[in-house]
Amino acid sequence: MSDTLLQDVTDGIAVLTVNRPEALNAMNVALLQALDAALAALEGSDVRAAILTGTGKAFVAGADIAAMAEMSVADAQAFSVLGHRVARRLEEASFPTLAAVNGFALGGGCELALACDFIYASEKAKLGLPEVGLGVLPGWGGTQRLPRRVGVGHARELIFSGRVIDAAEAQRIGLVNAVFAPDALLDAARATAREIAAKGPCAVRATKRLLLEGPEQALTEANAAEVRAFGKLFGTADQREGMKAFLEKRAPRFEGR
Ligand code: DAK
């Protein structure tokens with residue numbers, strides 16, 4: 001783990017904290033590589049939920065503009081590919097990922113939050129995709145994930161204007177699920193992560209995949225995938241334990257297999 005990315009794993013919940021406050025946690029290549037490696041390492045571990053957050057007054061204030069300013073076309077493409085890979089890791093992780101947006105989540109920072117399964121925000125959060133003001137465009141999936149999250153109308157307005165919105169507005173349009181006092185944000189994220197972690201991991205994992213892949217499929221195909229996934233869970237110890245525990249009126253002890 002690098003100094004600029006802190007990691008804590010407690011009781012099956014990973015908290016990844018971007019820790020480059022002097023640059024408002026702007027993402028450079030080294031930081032993206034550290035996040036990529038950390039997320040890769042969590043796969044296959046017993047982690048059941050992960051929280052992404054930042055140190056100081058920013059979640060992530062975007063891709064590192066100072067680093068990007070000098071990039072060639074080839075460098076920029078490689079940077080975009082790396083950012084996309086990290087976003088995909090958050091989105092396709094075998095456990096739910098939650099962005100705890102503690103402050104600025106701009107540009108690439110907003111895009112990383114959008115790649116998480118859902119977003120909680122502090123009352124101090126500011127979110128937006130201001131790239132067009134820099135003469136570029138959201139390069140880590142923002143043009144695709146923002147409309148899927150908030151609808152095309154809000155996405156077009158935010159991306160074309162580059163406007164930065166506060167937490168209340170972000171909640172109103174469905175970009176963030178809930179808003180908390182700054183001191184309460186991480187506790188709230190952990191509490192939800194604990195709720196998730198207590199559920200059947202095989203079921204949560206299968207559900208995450210259906211939710212991710214379904215919108216790309218025809219409804220009949222997506223429903224057929226749900227039927228297959230539902231049946232498959234009956235081959236897991238989690239399903240037997242979950243139902244047995246209910247019938248025995250006790251809490252289940254899931255093993256994720
Ligand atoms: N990059 C680098 N440094 C940054 C930064 C960033 N995104 N954001 C802030 N910083 C640095 C500031 O330069 C300053 O450094 P020093 O001057 O102290 O050395 C320090 O963080 C503190 O920032 P401020 O002094 O500006 O703090 P304020 O509270 O006054 O203002 C702010 C906070 C968030 C409003 C302001 O810092 C700001 O506007 N930052 C830029 C936000 C932004 O535009 N973010 C989007 C970045 S563009 C692509 C790949 C990726 C992307 C696009 C294309 N391809 C390759 C296709 C993604 C692009 C982006 O994310």
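Given the structure is predicted, the values throughout are model-derived calculations rather than measurements. As the structure lists them, so they are numbered: ligands from 1, and atoms in each ligand from 1. Numbering starts at 1 and runs along the sequence shown.
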I want to know if ligand 1 touches [X] in the polar sense, i.e. an N/O pair below 3.5 angstrom.
X	value
A61	yes
L106	no
M68	no

For [X], counting its heavy atoms only, list the atoms of ligand 1 lying under 4.0 Å from any of them.
X	result
E22	20 (C), 21 (O)
K57	27 (O), 28 (P), 29 (O)
L134	44 (O), 47 (C), 48 (S)
D64	1 (N), 2 (C)
G107	46 (C), 61 (O)

Measure the distance from [atom] to every protein heavy atom, then report the residue, atom name and distance (to 0.1 Å) of the closest one.
atom	result
atom 52 (C) of ligand 1	G139 N, 3.7 Å
atom 11 (C) of ligand 1	A23 CA, 3.9 Å
atom 1 (N) of ligand 1	I65 N, 2.9 Å

Nearest protein heavy atom under 4.0 Å from [atom], yes or no:
atom	answer
atom 7 (N) of ligand 1	yes
atom 38 (C) of ligand 1	no
atom 48 (S) of ligand 1	yes
atom 28 (P) of ligand 1	yes
atom 61 (O) of ligand 1	yes
atom 44 (O) of ligand 1	yes
atom 23 (O) of ligand 1	yes

Practice item. Output yes when a side-chain donor or acceptor of N177 lies under 3.5 Å from a complementary backbone atom of Y120, and no otherwise. Key: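 Not a single qualifying donor-acceptor pair exists.
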Review point. Is any side-chain heavy atom of R145 less than 4.5 Å from a side-chain heavy atom of E111?
Key: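 R145 does not reach E111 side chain to side chain.
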Candidate with minimal heavy-atom separation from [atom], of [options]:
atom	options	result
atom 5 (C) of ligand 1	A26, S80, P21	A26
atom 32 (C) of ligand 1	N28, V60, L24, L137	L24
atom 56 (C) of ligand 1	A105, G56, A63, A76	A76

Check your understanding: Does atom NZ of K124 have more than 12 heavy-atom neighbours, drawn from other residues, nucleotides or ligands, at distances under 6.0 Å?
Key ->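 No - once you tally the heavy atoms of other residues, nucleotides and ligands closer than 6.0 Å, there are 12 at most.
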Exercise for review: Decide whether D75 and S72 meet the rule of one side-chain donor and one side-chain acceptor closer than 3.5 Å.
Suggested key: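 Checked: D75/S72 side chains pair up, N/O donor to acceptor below 3.5 Å.
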Review point. Has G83 got any heavy atom lying under 4.0 angstrom from an atom of ligand 1?
Key: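 Outside the 4.0 Å threshold, so no.
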